[in-house]
Visitor: 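Attaching a single structure in structure tokens format; questions to follow.
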Amino acid sequence: MIEEDWNAEIGDEALLRSLEKVSLLERPNDPSSVFSPSVDSFDTDEFVNTQHQPVSSFGRGRNFAAKGFQEGNGEDALPQNRGFKGFGQGFHERNAVDGASTQNRGFKGFRGGFGQGARDGQRGIPQSGALRESGSLADGAGFQEGNGEDALPQNRGFKGFRGGFGQGTKGGQGDIPQSGTPSSRERGTLTDGAGPKVTYVPPPPPDDEEAIFARYQTGMNFDKYDENVVEVSGLDPPAALMSFADTNMCHTLTVNIAKAGYSKPTPVQKYSIPIILAGRDLMACAQTGSGKTAAFLVPVVAQMMRDGVTASSFKEQQEPECIITAPTRELVNQIFLEARKFVYGTCIRPVVIYGGTQTDYSIRQVKQGCNILCATPGRLLDIIGRGKIGLHNVKYLVLDEADRMLDMGFGADMKKLVSFPDMPQKDKRQTLMFSATFPEEVQRLAGEFLKTDFLFVVVGHVGGACSDVQQNILQVSQYFKRDKLIEILHSIGNERTLVFVDTKKKADFIACFLCQENIPATSIHGDREQREREIALRDFRSGKCPVLVATSVAARGLDIESVQHVINFDLPSTIEEYVHRIGRTGRCGNTGKAVGFFDNNSDGHLAQPLIKVLSDNYRGRGSVNAGEVRMECSAREIESWD
DNA sequence: AAAAAAT
């Protein structure tokens with residue numbers, strides 16, 4: 001009810017500004033140069049809030065945020081003076097007055113208002129956030145480092161915000177020299193290119209056998225994958241295999257497959273593996289969570305074992321046999337971790353490189369030997385351009401989430417990749433593409449990368465949603481989404497839930513809001529530093545933060561155990577993205593639930609495709625159960641809105 | 001319109 005008040009009072013424009021405000025508070029600063037509270041300044045209650053750094057960074061952040069939003073108390077609302085700048089006179093009337101008059105009080109109000117500020121007053125800027133993430137609480141060193149340097153971190157954060165979020169268009173104060181956070185610089189949204197270097201080096205993955213082969217349980221519907229109709233188009237497809245033992249894979253690989261917990265191949269594996277082993281190009285489409293990664297890794301590793309690889313040794317330029325690329329950093333990392341299982345005990349060395357980390361670190365990893373390179377496009381092209389990767393030895397080029405890799409955002413990079421003079425022509429390499437969705441126009445683009453006799457495997461139908469995900473669509477208008485979200489989260493208890501929103505700042509805002517409501521949440525999006533993204537994901541995986549609020553950065557490929565719910569707080573703009581997002585649950589034969597908030601004002605274009613996706617699965621099941629009846633109702637409901 | 005991906 002409080003929330004309803006809130007909504008009624010501040011209205012749309014003010015809501016957006018509030019979002020900006022929260023984002024300002026949350027803007028990660030360079031973690032090494034910010035103040036942060038010491039661990040003992042948190043009591044248990046507050047510790048919950050540390051789940052999301054914006055709030056945690058304030059210690060009493062919950063009160064802060066509550067006042068800021070609900071009472072419009074300027075002093076509390078904008079503890080950093082940068083905040084006032086950010087809003088200018090535009091902030092909600094009630095705040096505008098306070099805002100103007102307290103502009104220079106920012107620090108004071110803040111320090112006085114929040115515990116840790118008083119204790120560490122000399123450091124000035126508490127919000128700092130960046131490493132206030134739960135994990136960083138243990139990171140005593142990080143805290144200490146902040147001393148003394150942070151005289152003006154708030155200004156930096158502010159600029160970073162303008163530059164990073166405004167993308168040069170909304171900033172309105174573009175004259176401010178932008179140094180920004182590392183993440184805001186990464187995408188080249190800033191013009192001056194100055195600022196601190198990206199120094200992040202990811203923690204090394206655990207390398208004991210048990211950790212490498214860690215996996216989660218297949219679900220009760222695993223065997224139902226076989227009910228899918230599989231269609232293979234193209235000339236002379238090889239026969240599907242029935243079990244992993246049907247191939248002549250070397251003993252080590254067979255053992256690794258078993259250790260990794262793969263006992264029976266899924267349809268996409270049954271068909272893709274022999275096709276790849278036969279040296280054919282492949283475009284494969286299969287529902288989310290049905291084992292596409294192993295469908296290309298297993299045969300690629302098998303071939304490499306059969307043909308031999310360049311022994312790993314230190315060299316300035318490495319010549320990988322296989323390049324795997326995917327649209328997000330976390331996803332390439334996940335593919336890398338999966339590859340480590342299959343190559344265990346062999347001489348094949350997989351390497352992962354991606355942006356947001358020290359380039360030198362990526363280069364060091366590559367130099368030590370590289371047979372399978374997992375990379376995001378930008379860092380890949382960068383490293384190739386620096387001469388660290390020779391392409392002439394590439395036998396396998398894998399595009400995971402291929403439709404995404406070929407469309408607008410990445411298509412040019414992929415063309416660049418295959419256009420390097422030493423990249424083998426398509427008839428001299430194997431090109432493999434995998435995705436759960438593949439719009440026809442992108443299928444046509446794909447042809448340019450594939451041999452003319454490539455095979456096209458479709459499990460179920462192209463773009464179909466995973467049938468183990470029970471889908472519901474609720475009509476919820478903009479202003480009631482948060483109420484509905486809270487209601488749902490309370491009703492499902494502590495189960496792992498992924499909440500998708502449409503913008504980066506809203507991701508922070510909603511995560512912040514949930515923390516205020518005592519629901520430990522964190523966020524992941526492209527304006528967070530890579531370290532923060534990885535901590536957020538780790539905390540979500542571990543259950544420390546059972547709710548992760550994300551932009552589409554987390555829509556594809558991420559395989560997180562026991563995500564029971566996906567909530568599309570904002571529906572995505574395309575049906576493909578919807579299918580991928582809900583596919584974060586219901587993986588590997590497990591069941592999951594998805595709820596989408598359908599807002600008539602913004603989601604009208606999705607109505608028809610949603611009906612199709614929902615009704616396809618309804619028919620696919622053959623029998624009617626409660627869930628599916630609801631699903632059908634949902635579909636009809638949507639139709640009537642149109 | 002937003003998001004992602006190198007610096």
Side-chain angles (χ1 to χ4, degrees), chain A residues 16 19 23 163-170 178-200 324-333 352-363 366 374-386 388-389 399-417 478 500-509 523-530 533 549-558 568-574 576-578 580-581 599 601-606:
Chain A
L16 286 176
L19 289 175
S23 298
F165 280 90
Q167 299 189 341
T169 55
K170 290 182 198 161
Q178 296 165 323
S179 52
T181 61
S183 49
S184 65
R185 275 178 280 109
E186 280 162 24
R187 306 289 353 135
T189 52
L190 302 182
T191 50
D192 63 0
K197 255 186 97 163
V198 173
T199 56
Y200 178 55
I324 301 169
T325 175
T328 66
R329 298 163 181 177
E330 288 75 16
L331 183 52
V332 291
N333 196 42
V352 65
I353 59 172
Y354 50 85
T357 61
Q358 232 182 58
T359 309
D360 281 353
Y361 172 74
S362 293
I363 293 172
V366 167
C374 310
T376 45
R379 181 57 60 96
L380 177 61
L381 295 176
D382 183 14
I383 299 285
I384 295 171
R386 290 164 188 253
K388 302 303 173 188
I389 295 287
L399 273 53
D400 199 10
E401 308 296 344
D403 55 332
R404 184 77 186 81
M405 299 310 288
L406 292 171
D407 81 5
M408 275 190 5
F410 294 108
D413 283 349
M414 291 302 100
K415 281 199 178 141
K416 218 178 279 178
L417 177 61
Q478 193 76 266
F500 283 104
V501 296
D502 59 3
T503 66
K504 291 178 277 202
K505 46 189 175 185
K506 203 191 277 187
D508 281 344
F509 173 58
S523 70
I524 186 166
H525 58 72
D527 271 349
R528 297 201 77 183
E529 288 175 18
Q530 191 55 31
R533 287 168 59 158
V549 187
T551 59
S552 280
V553 71
R556 285 175 177 257
L558 295 186
N568 275 299
F569 187 91
D570 299 311
L571 283 163
S573 55
T574 66
E576 287 80 19
E577 204 72 355
Y578 172 81
H580 285 281
R581 283 183 180 186
D599 179 355
N601 294 317
S602 51
D603 303 324
H605 65 284
L606 264 187

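Order of the sequence lines fixes the chain letters, A, B, ..., with proteins taken first and strands second; residue numbering starts at 1 for each chain.
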Visitor: Starting at CG of A:Asp527 and ending at P of B:dA4, how long is that distance when rounded to a whole Å?
Guide: 7 Å

Visitor: Send over the distance from A:Gln530 CD to B:dA6 C1', rounded to a whole Å.
Guide: 13 Å

Visitor: Is the phosphate of B:dA4 approached by A:Lys504 (side-chain N or O, under 4.0 Å from OP1 or OP2)?
Guide: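 True: A:Lys504 side-chain N/O within range (under 4.0 Å) of B:dA4 OP1/OP2.
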
Visitor: With a 3.5 Å cut-off and sequence neighbours excluded, list the donor-acceptor pairs that the side chains of residues 404-415 of chain A form with protein atoms.
Guide:
unit_1	atom_1	unit_2	atom_2	d
A:Arg404	NH1	A:Asp407	OD1	3.1
A:Asp407	OD1	A:Gly409	N	3.4

Visitor: Can you check the A:Asp502 CG to B:dA4 P distance for me, whole Å?
Guide: 11 Å

Visitor: Any donor-acceptor pair under 3.5 Å joining the side chain of A:Arg329 to the base of B:dA4?
Guide: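 By the distance-only test, no, there is no pair.
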
Visitor: If I take atom CZ in residue A:Arg556 and atom C1' in nucleotide B:dA3, what distance separates them, rounded to the nearest angstrom?
Guide: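 Rounded to the whole Å, the gap is 12 Å.
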
Visitor: Whole Å only: how far is the CD1 atom of A:Ile363 from the P atom of B:dT7?
Guide: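 Taking CD1 of A:Ile363 and P of B:dT7, I get 11 Å after rounding.
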
Visitor: Look at A:Ser573 and B:dA3 and indicate whether a side-chain polar atom (N or O) is within less than 4.0 Å of OP1 or OP2.
Guide: no

Visitor: Among residues at least two apart in sequence or on other chains, which ones pass side-chain contact (heavy atoms from CB on, under 4.5 Å) with A:Thr551?
Guide: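 A:Thr551 satisfies side-chain contact (heavy atoms from CB on, under 4.5 Å) with A:Lys504, A:Ala507, A:His525, A:Val553 only.
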
Visitor: Checking all strands, does A:Ser552 fall into the base, sugar-phosphate, or nothing category for heavy-atom contacts under 4.0 angstrom?
Guide: nothing

Visitor: I want to verify a distance call: between B:dA4, B:dT7, B:dA6, whose nearest atom is closest to the A:Thr376 side chain?
Guide: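 Of the candidates, B:dA6 comes closest.
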
Visitor: In whole angstroms, how far is the P atom of B:dA1 from the CG atom of A:Asn601?
Guide: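 Answer to the nearest Å: 17 Å.
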
Visitor: How close or far is atom P of B:dA4 from atom CZ of A:Phe410, stated in whole angstroms?
Guide: 10 Å

Visitor: Starting at atom CG of A:Asp508, determine the distance to atom P of B:dA2, rounded to an integer number of angstrom.
Guide: 16 Å

Visitor: Kindly say whether A:Ala375 contributes a backbone atom to a donor-acceptor pair with the side chain of A:Thr325 at under 3.5 angstrom?
Guide: yes

Visitor: Any Lys/Arg nitrogen of A:Asp403 or A:Arg556 sitting under 4.0 Å from an Asp/Glu carboxylate oxygen of the other?
Guide: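 Salt bridge present between A:Asp403 and A:Arg556.
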
